[in-house]
Amino acid sequence: MPDFALPPQYDPSSVEKRLYGRWLDAGIFTAHVDSPKKPYVIVIPPPNVTAVLHMGHGLNDTLQDALIRFERMRGREALWLPGTDHAGIATQNVVEKLLAQEGKTRFDLGRDAFVQRVAAFVSETGTTILEQLKTIGCSCDWSRTRYTLSPELSRAVREVFVRLWEEGLIYRGHRVIHWCPRCLTALSDEEAEFQETNGHLYYIHYRLADGSGQVTVATTRPETLFGDTAIVVNPEDPRGAPYVGKKASLPLTGIEIPILADESVDKEFGTGFVKVTPAHDANDFEVGMRHGLAMPLIMTEDGRMGDVGKREAGSGKRVPPELEGVDRFEARKKVVKMLEAAGQLAKVESHQHAVRRCYRCDSIVEPRLSDQWFVKMKPLAEPALDAFRTGEVRFVPERWETTYTQWLEGIRDWNISRQLWWGHRIPVFTCTACQHQWADRVDPTACPKCGGPVTQDPDVLDTWFSSWLWPFSTLGWPDDTPDLRHFYPGHTLVTAPEIIFFWVARMIMVGIHVMKRAPFGTVYLHGTVRDTKHRKMSKSLGNGIDPLDVVRLYGADALRWTAVAGVSLGSDLILDNEDLEATFAPGRNFANKLWNIGRFILSQLPDQVPAIASVDRSTLTLADRWILSRCQTTIEAATRANEQYRLDEAAKLCYEFVWGDLADWYVETVKPRLAAVPAAYAVLGYCFDMALRLLHPVVPFITEELWQKLPGRKAGELLAAAAWPAPSPAMRDAAADTAFGRVQELITAIRSIRAEYRIAPKTKLGAVLTSRDPKDYEAESDTICRLAGLEAFSVGAAPNGVGAHAVLRDGGDVFVGLGGSIDVTQECKRLTTDRDRLDKQLAGLSAKLANESFVARAPAEVVAREREKEQAWRAQVAALNDKLKALGCA
RNA sequence: GGGCGAAUAGCUCAGCUGGUUCAGAGCGCCUGCCUUACACGCAGGAAGUCGGGGGUUCGAAUCCCUCUUCGCCCACCA
């Protein structure tokens with residue numbers, strides 16, 4: 001009995017930290033520019049500096065790590081570049097909330113102090129998530145960790161801004177933008193997310209100024225009526241004809257506004273009359289521009305009613321005093337009441353429509369007329385579309401291509417200015433003397449034109465304005481660094497489809513614009529992590545799973561296993577947060593299985609295991625040849641699957657090989673031979689080594705731990721830096737596949753009989769096999785005896801004694817002697833069931849073959865195959881009928 | 001309003017170019033086993049009219065059409 005030094009259960013917590021340290025010490029995650037190897041580069045989607053690891057990262061980063069480890073083992077100079085994003089709004093919000101607990105606002109601190117406060121906060125929390133990535137095994141090149149707000153990357157941001165400015169691609173726009181009244185900043189179109197909302201449609205009477213009647217408008221936002229500067233009606237609409245050209249007076253204030261014709265009005269919706277609030281609705285703004293309307297702002301920046309549009313013609317006293325300072329939604333209720341009291345509220349209908357919300361704080365966005373900096377996107381979008389069309393960039397899975405192209409085709413200019421304090425200050429300067437305005441790479445001290453004093457734009461840039469540079473700003477651009485030359489462009493971008501617009505498309509656009517090459521060739525888009533009700537996992541829903549809990553309870557490999565094997569290409573990962581056991585046990589159990597195969601092997605193998613190449617193939621048994629063949633099939637299929645980003649499939653193939661073939665069958669067959677036969681050592685050692693290599697990208701810890709213990713390891717050798725298995729086609733052996741398959745079938749059939757007749761496991765039986773081709777069975781007769789619990793196994797004619805039968809696929813028959821214990825009725829029933837099932841299948845098959853069209857039209861090989869099958873089944877049925885007759889069954 | 005995806009065993013999902021028993025895996029369930037690598041295990045089972053309907057084809061879970069249900073993305077109908 002072997003004396004195992006290792007415990008029967010794998011304990012991840014005792015090895016993970018140590019192994020990660022070894023990898024770091026060996027420096028194998030560090031990429032080198034002077035390496036002769038071909039580079040392979042992934043840049044991490046930088047998590048927010050304030051983020052803590054959640055399952056979304058768990059999925060995203062595990063996939064990246066599996067890819068990078070696969071390519072590293074395949075001999076590429078693999079660079080996985082990590083880092084964090086300063087996340088303008090999100091981070092500012094976090095610190096503002098902390099300040100609020102002290103009863104302060106950022107305005108109490110002032111800009112400089114606030115920015116310092118955020119920076120201090122970030123310096124404390126900013127590396128948390130990167131440290132957490134290490135606990136799940138991420139093999140990032142930590143020597144190249146970057147941060148979007150670092151001095152180096154800030155320089156890249158500024159350089160790009162100035163270049164775009166110089167190229168005329170940045171301009172100041174005066175229009176209605178999305179405004180978050182809580183964050184007090186403008187947002188881009190992408191940052192203002194649509195959400196279906198149940199609201200109301202209010203019908204309001206606007207009396208004509210001449211007292212001759214009234215028109216009724218329908219609106220979802222009655223509180224904005226104070227900013228109305230016109231009513232419009234479709235010129236084709238006969239209902240409008242009597243009114244166009246007249247004036248209406250605003251309810252509650254009596255301000256007179258014109259009734260105009262405008263084609264943008266949908267005749268079918270509402271009453272056909274539309275109130276126009278140019279400063280608080282993007283559509284109305286367009287109408288206002290067409291008709292030269294005044295555009296008064298009637299809300300403060302924080303969303304309360306008030307006259308603030310001083311620079312606009314027509315501004316002035318518009319909001320009634322009793323509404324001054326009232327929140328917009330409160331004001332809505334009040335206005336409705338006031339209208340009702342004035343007899344000007346016709347009716348209220350419930351109405352479902354989409355409202356935009358701030359993607360960071362979920363507040364309802366207020367459309368607001370404002371001056372902002374924009375990037376002209378059309379010139380950038382065209383080359384990005386070309387990059388897709390020429391195949392320079394491709395998407396996996398392909399279905400995201402249309403999302404990408406459609407967005408680019410309809411691209412709109414990008415509002416990049418944010419009225420925040422946390423971020424890259426916009427490098428636009430204005431001379432207070434001569435009004436000259438320019439963008440500058442360095443802070444100027446005086447106006448270059450007149451020498452006058454200079455002020456800088458107070459706003460900061462959209463966070464994504466630094467993110468979109470990530471693939472090259474991280475490599476040292478704008479300097480022409482060795483890193484940049486060697487590692488740009490990268491290869492694979494792994495991310496979620498949610499940020500195709502925010503990030504992926506923009507990286508491609510600016511990458512081509514600045515670097516002349518798209519930043520990566522493949523965009524690999526994975527799904528979203530959801531709970532069993534298919535709701536996105538989120539902190540606010542409380543349905544999340546903490547990856548660190550999983551690591552603690554089941555090990556990092558178990559987490560990774562579920563992330564990789566639990567989801568097919570591009571589909572969502574559904575996890576049960578209420579049943580962690582069901583969710584993560586498979587990975588843990590598999591790791592434990594590996595552990596125990598390893599334990600067994602280590603207890604058996606000598607210190608010197610012969611290399612598989614040195615083994616004379618003629619000394620191999622059928623089982624040897626079979627497992628080697630299976631090993632090769634797995635190597636080839638898993639490699640192909642990984643190349644096609646089918647990481648789940650590769651993982652499952654390896655799982656099947658290890659558990660289903662190696663453990664369940666080969667290890668069992670080889671046990672009695674191990675002590676004596678060197679070839680058995682070689683085969684077992686080789687297959688296990690290959691399995692560990694194949695599985696390493698997915699479950700790096702357990703595989704490294706076991707690989708280290710295998711005999712013949714040189715000091716300092718690491719699986720993480722070892723070579724990916726090369727296929728050895730000579731080991732493929734179709735004959736062995738078939739022959740061993742027969743052995744398995746026979747053993748399973750006998751076991752099945754044992755179970756059916758409730759034969760105690762310890763009871764040894766005798767069995768006789770009749771087969772057309774018995775030699776494969778004879779070669780493994782020892783295996784058959786041990787695995788099927790036989791004391792004797794022979795090939796020959798079945799005896800006439802009492803026993804149970806099983807018919808094999810080739811029409812062969814196995815007779816299992818059960819002594820006097822056989823229940824003939826039961827045996828008849830068993831065999832009859834089998835016979836009937838086969839008979840039915842056979843009838844179907846025969847009908848198929850009798851069908852002339854099938855024989856004529858199906859490919860010859862298919863027909864031939866079906867014929868063979870028919871013959872085999874016929875033989876099986878005949879054999880079964882013989883047995884039934886011999887037993888005297890009805 | 002447009003686009004995309006999903007629907008297969010009780011649950012979570014594979015099933016790629018239609019054809020090898022193709023109807024599978026894991027979890028759960030049932031039966032028997034602590035067989036000297038592993039009970040996080042071993043062996044043997046039960047379990048699905050592949051969402052409905054139509055079509056193409058010698059042949060459909062797989063391709064086409066349509067309907068139903070669910071989910072996501074995009075969209076200025078106030």
Side-chain angles (χ1 to χ4, degrees), chain A residues 1-2 4 6 8-10 176 194 201 217-221 232 264-266 268-271 273-277 281-286 351 353-354 367 397 399-400 402-403 406-407 410 497-498 500-501 527-528 530 532 534 554 558 565-576 579 581-583 585-586 588-604 641 644 646 648-649 652 655-656 663-664 667-668 671 748 751-756 758-762 786-787 789 809 841 848 851-859 861-863 865-866 868-869 873:
Chain A
M1 178 160 166
F4 292 116
L6 300 170
Q9 274 191 14
Y10 170 56
V176 169
F194 278 108
L201 194 58
V217 305
T219 181
T220 54
R221 305 202 56 198
V232 289
S264 69
V265 180
D266 179 355
E268 309 303 317
F269 189 86
T271 61
F273 293 89
V274 182
K275 66 190 271 304
V276 180
T277 323
D281 183 287
N283 208 25
D284 290 2
F285 173 78
E286 297 299 325
H351 178 63
H353 61 131
R399 71 183 120 95
W400 295 107
T402 48
T403 305
Q406 284 173 10
W407 186 74
E498 289 110 82
I500 289 178
F501 308 143
T528 307
R530 299 177 186 280
T532 48
H534 292 215
Y554 301 94
V567 67
S568 71
L569 181 63
S571 62
D572 289 344
L573 177 62
I574 312 292
L575 301 178
D576 191 344
D579 191 352
E581 185 69 17
T583 309
R588 178 202 56 191
N589 294 354
F590 182 46
N592 198 51
K593 190 73 183 180
L594 283 166
W595 177 253
N596 277 293
I597 298 170
R599 229 159 59 93
F600 172 74
I601 290 178
L602 292 172
S603 73
Q604 303 290 324
Q644 294 166 351
R646 297 296 312 258
D648 59 315
E649 198 192 327
K652 284 173 187 162
Y655 178 97
E656 202 32 54
D664 287 349
V667 166
E668 294 307 325
K671 275 177 179 173
T748 303
R751 283 170 170 173
S752 200
I753 287 172
R754 294 187 68 107
E756 200 135 351
R758 312 239 174 270
I759 311 294
K762 290 198 166 65
R786 283 192 315 107
L787 300 193
R809 266 195 247 178
Q841 282 181 16
K848 192 174 179 182
N851 182 345
E852 283 172 28
S853 336
F854 171 71
V855 179
R857 299 192 195 202
E861 65 205 60
V862 172
V863 178
R865 212 154 49 210
E866 298 294 68
E868 259 175 58
K869 207 157 66 180
W873 287 0

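Values below: all heavy atoms of this structure, side chains included; hydrogens, waters and symmetry mates excluded.
- Pairing analysis of RNA chain B (Watson-Crick: purine N1 to pyrimidine N3 plus N6-O4 or O6-N4; G-U wobble: N1-O2 and O6-N3; both under 3.5 Å) yields stems of 3 or more pairs at B:1-7 with B:68-74, B:10-13 with B:24-27, B:29-33 with B:41-45, B:51-55 with B:63-67.
- Using atom C1' as the reference point in both B/G54 and B/G32, the two lie 49 Å apart (nearest Å).
- Looking at A/E649, its side chain comes within 3.5 Å of the base of B/C16 through a donor and an acceptor atom.
- Taking atom OH on A/Y10 and atom P on B/A39, their separation rounds to 17 Å, with Å as the unit.
- Atom CD in A/E668 sits roughly 10 Å away from atom P in B/C42 (whole-Å rounding).
- Expressed to the nearest 0.5 Å, how far CG of A/N596 lies from CG of A/N589 amounts to 11.0 Å.
- Nearest to the side chain of A/K652, among B/A14, B/U12, B/C76, sits B/A14.
- In this pair, A/Y10 and A/W595 present their aromatic rings tilted. The plane angle is within the 30 to 60° band.
- The separation between A/K593 atom NZ and B/A37 atom P is 11 Å, rounded to whole Å.
- Here the side chain of A/S571 pairs no donor or acceptor atom with the backbone of A/V567 at under 3.5 angstrom.
- A salt bridge does not link A/E649 with A/K652: none of the charged nitrogens is closer than 4.0 Å to a carboxylate oxygen.
- Between A/H353 and B/C76 there is no side-chain N or O to OP1 or OP2 distance below 4.0 Å.
- Atom NE2 of A/H351 and atom C1' of B/A78 are 8 Å apart (whole Å).
- Closest contact between the side chain of A/R646 and the listed nucleotides B/G15, B/A78, B/C40 involves B/G15.
- Between A/Q604 atom CD and B/A37 atom P there is a gap of 7 Å when expressed in whole angstrom units.
- One cannot find a donor-acceptor pair under 3.5 Å joining the base of B/C38 and the side-chain atoms of A/R599.
- The main-chain N or O of A/D572 is never found under 3.5 Å from a side-chain atom of A/R530 such that the two would form a donor-acceptor pair.
- Within the 4.0 angstrom heavy-atom criterion, only backbone atoms of the sugar-phosphate kind lie near A/S571; the bases stay farther away.
- A/R786 places its CZ atom 13 Å from the P atom of B/U36, with the value rounded to the nearest Å.
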Please enumerate all protein N or O atoms sitting under 3.5 Å from an N or O of nucleotides 24-33 of chain B, with distances to 0.1 Å.
from  : atom 1 : to     : atom 2 : distance (Å)
B/U31 : O2'    : A/R758 : NH1    : 3.4

Give me the distances for all protein-to-nucleotides 69-74 of chain B N/O pairs that come in under 3.5 Å?
none

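- A cation-pi contact, defined as under 6.0 Å to the ring centre and within 45° of the axis, links A/K671 to A/F600.
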Contact list (N/O, under 3.5 angstrom) for nucleotides 43-46 of chain B vs protein:
from  : atom 1 : to     : atom 2 : distance (Å)
B/A43 : O3'    : A/R751 : NH1    : 3.4
B/G44 : O3'    : A/S752 : OG     : 3.2
B/G45 : OP1    : A/S752 : OG     : 2.7

Pick out the pairs of N or O atoms, protein on one side and nucleotides 19-23 of chain B on the other, that lie under 3.5 Å.
from  : atom 1 : to     : atom 2 : distance (Å)
B/G19 : O2'    : A/R865 : NH2    : 2.8
B/U20 : O4'    : A/R865 : NE     : 3.4
B/U21 : OP2    : A/K869 : NZ     : 2.4
B/U21 : O2     : A/Q841 : OE1    : 3.4
B/U21 : O4     : A/R809 : NE     : 3.0

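- For B/A78, the OP1/OP2 oxygens have no side-chain nitrogen or oxygen of A/T219 closer than 4.0 Å.
- Where A/T220 and A/N851 meet RNA chain B, the nucleotide closest to each residue was compared, and A/N851 sits on the side nearer the 5' end.
- Applying the 3.5 Å distance criterion, the base of B/A75 shares no donor-acceptor pair with the side chain of A/Q406.
- Nucleotides B/C63 and B/G48 have their P atoms positioned 25 Å apart, rounded to a whole Å.
- Listed by chain and residue number, nothing satisfies the salt bridge (charged side-chain N to carboxylate O under 4.0 Å, His left out) test with A/E656 (two or more places apart in sequence, or in another chain).
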